[in-house]
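One structure below.
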Number of protein chains: 2
Amino acid sequence: MSLVTDADKPTLYKRIRADIEKRILTGEWPPGHRIPFEHELVARYGCSRMTVNKALSELAQADLIERRRRAGSFVRRPQHQSAVLKIADIRAEITALGRAYGYELIGRKLRAATAADRDRLGVKKAGKVVAITCRHSADKVPFAVEDRLIDLSSVPDAATADFAREPPGSWLLHHVPWTEAEHTISAIVADDRTAEALDIAVGAPCLVIDRYTWRSARTITAVRLLYPGDSHRLVARFKGG
Amino acid sequence: MSLVTDADKPTLYKRIRADIEKRILTGEWPPGHRIPFEHELVARYGCSRMTVNKALSELAQADLIERRRRAGSFVRRPQHQSAVLKIADIRAEITALGRAYGYELIGRKLRAATAADRDRLGVKKAGKVVAITCRHSADKVPFAVEDRLIDLSSVPDAATADFAREPPGSWLLHHVPWTEAEHTISAIVADDRTAEALDIAVGAPCLVIDRYTWRSARTITAVRLLYPGDSHRLVARFKGG
DNA sequence: TTGACTTATATGTCTAGACATATAATCGTA
DNA sequence: TACGATTATATGTCTAGACATATAAGTCAA
């Protein structure tokens with residue numbers, strides 16, 4: 001999701017891609033509309049099929065169009081309805097801001113999964129889990145509190161990992177790299193425990209990110225991150241309609 | 001950001017792409033690492049350069065690698081530090097949920113830009129602006145309130161648009177299609193006015209999305225969306241490390 | 001009408017070349 | 001040593017073909 005437009009170098013395939021993109025984004029070609037066949041674009045632009053194919057392939061990769069064999073290429077409905085969110089680990093986020101990262105383990109518990117744990121992890125039966133509570137800070141100021149559950153049947157090494165030294169997010173990132181995730185963003189007001197951990201008032205707003213992570217159908221971890229709502233901000237820039 | 005892996009059809013370029021992706025995501029090739037030159041991959045896989053070029057181009061488009069002429073291709077640092085967020089317009093979001101969309105204009109004001117307006121729009125001097133307050137509902141239940149400022153020097157048509165009939169987000173989407181945006185997510189507690197508009201208690205948590213939109217350096221609009229924090233949720237799924 | 005078979009066709013992938021272009025590295029000079 | 005010009009090289013784009021493959025559409029029989 002780059003911010004720069006690459007209209008600076010009007011190579012042919014980029015021009016073709018931009019032309020089509022424009023018609024889609026202006027609504028001239030609405031969702032469902034069949035865009036010209038490759039051979040038609042070849043005729044219109046006087047180039048080889050590989051060139052228009054490259055333009056169309058990129059539009060397909062960007063989810064702007066859908067290509068179907070024998071049928072043609074079609075304008076897709078405007079992206080997934082709600083949101084796409086990516087978050088690197090908090091340490092990286094804080095150090096990237098040029099602030100000093102601090103980490104503190106508040107609690108760690110190894111236990112047989114309770115019904116609530118299983119529900120949270122989205123599994124029917126789980127053996128043991130690790131529950132971790134910790135705090136991240138930037139320049140000594142509380143930045144976020146983390147409340148995490150790791151499924152030990154998926155990540156047995158987590159039972160012996162030293163989460164007092166390394167944040168569980170970083171640890172998992174290095175030990176369980178290829179994952180899929182689902183995010184939910186919401187807002188709550190701070191209860192006693194949260195208020196104390198974040199050093200804010202009870203009843204103050206908090207931004208909540210729940211992340212549920214798995215790898216090829218195996219649940220790995222469920223984490224809830226709480227940020228002070230009036231100070232922390234998730235900022236994103238993107239390009240598109 | 002599709003959830004499905006396309007490992008089902010191991011065409012050659014996909015295999016090459018997947019091989020490289022795997023090494024990156026397992027950390028075997030860390031950020032900054034130079035991946036093999038095209039001619040080396042050509043030799044290793046015994047294919048033409050166009051085939052490895054396609055694999056590498058897609059990895060570049062996905063921001064996993066960076067390609068530099070004469071220098072080679074390099075593993076990028078894990079994506080932008082914080083967040084990437086895409087949101088279609090609220091009407092589409094609600095109808096996609098299978099719920100009845102409702103819209104209501106609360107207020108509309110055309111005025112010369114105040115200092116606060118200019119600050120919010122990020123412009124030094126602006127002529128006139130339209131300020132709009134409206135409410136979106138799903139199945140007759142308040143879903144979000146919207147507080148928007150449109151820069152009339154960029155979008156003069158907005159002065160005469162009938163925002164009682166069409167939500168400003170949809171209107172803009174159809175009249176000013178190709179835009180860039182910046183999002184900020186935060187949390188607040190509802191004040192009197194917000195509480196009334198969303199039919200929640202004063203002091204209840206609200207999820208806030210501030211979106212600032214421009215097109216080729218021209219400011220278009222600044223909008224603040226307030227969602228009831230305990231009910232509404234932004235959900236996202238993604239694949240990646 | 002329905003289902004099974006065939007066919008036509010648009011996309012998917014790939015090749016073996018070509019020339020363009022940005023730039024890292026080298027070389028030469030002040 | 002520092003700076004400017006030259007060169008080598010990896011990527012960027014493009015061509016004119018080829019065969020593969022999924023599938024919409026048409027055909028035909030039950």
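What you see is a predicted model; the values in this text were computed from it and never measured. Just so we're on the same page: letters track the sequence lines, and every chain starts at 1. Side chains are part of it too, since the values below use all heavy atoms of this structure and drop only hydrogens, waters and symmetry mates.
Between the OH atom of Tyr13(B) and the P atom of dA20(D) there is a distance of 19 Å, rounded to whole Å. Separating the CZ atom of Phe74(B) from the C1' atom of dA10(D) is a distance of 10 Å, rounded to the nearest angstrom. Taking atom CG of residue Leu59(A) and atom P of nucleotide dG12(C), one finds them 12 Å apart after rounding to whole Å. One can place CD1 of Ile16(B) at 12 Å from C1' of dT13(C), the figure rounded to the nearest angstrom. Look at CZ on Arg68(A): it is 12 Å from C1' on dT11(C), rounded to the nearest Å. Residue Ile65(A) contributes atom CD1, which lies 15 Å from atom P of dA10(C) at whole-angstrom precision. Between the CE atom of Met50(A) and the P atom of dG12(C) there is a distance of 11 Å, rounded to whole Å.
Classification of the Phe143(B)-Tyr227(B) ring pair by plane angle, with boundaries at 30° and 60°, yields perpendicular. Using a 30° and 60° split on the angle between ring planes, Trp171(B) and Phe163(B) fall in the perpendicular class, above 60°. Using cut-offs of 30° and 60° for the angle between ring planes, the Tyr103(A) and Tyr101(A) rings count as parallel.
Here the side chain of Asp151(B) pairs no donor or acceptor atom with the backbone of Ile220(B) at under 3.5 angstrom.
OP1 or OP2 of dT13(D) sits under 4.0 Å from a side-chain N or O of Lys54(A). Under 4.0 angstrom from either OP1 or OP2 of dT13(C) there lies at least one side-chain N or O belonging to Lys14(B). Between Thr51(B) and dT13(C), a side-chain N or O to OP1/OP2 separation shorter than 4.0 Å is absent. Considering only side-chain N and O atoms, Ser73(B) lies under 4.0 angstrom from the phosphate OP1 or OP2 of dT11(D).
At a threshold of 4.0 angstrom between heavy atoms, the contacts of Leu12(B) are confined to the sugar-phosphate backbone, with no base atom among them.
In this structure, the nucleotide among dT13(C), dA24(D), dT13(D) sitting nearest to the side chain of Asn53(B) is dT13(D). Relative to the side chain of Arg69(A), the nucleotides dT13(C), dT11(C), dT13(D) differ in distance, and dT11(C) lies closest.
For dG12(D), its base sits under 3.5 Å from the side chain of Arg49(B) at one donor and acceptor pair at least.
Applying the side chain to side chain donor-acceptor pair (under 3.5 Å) criterion to Arg34(A), with sequence neighbours excluded, gives Glu40(A).
Salt bridge present: Arg17(A) and Glu58(A) bring a charged side-chain N and a carboxylate O closer than 4.0 Å.
Position along DNA chain D of the nearest nucleotide to Arg70(A) versus Arg67(B) favours Arg67(B) as the more 5'-ward residue.
Within residues 36-48 of chain A, the residues having any heavy atom closer than 4.0 Å to DNA chain D are, in order of number, Cys47(A), Ser48(A).
Relative to the six-membered ring of Phe74(B), Arg67(B) misses at least one condition, a distance below 6.0 Å or an angle of at most 45° to the axis.
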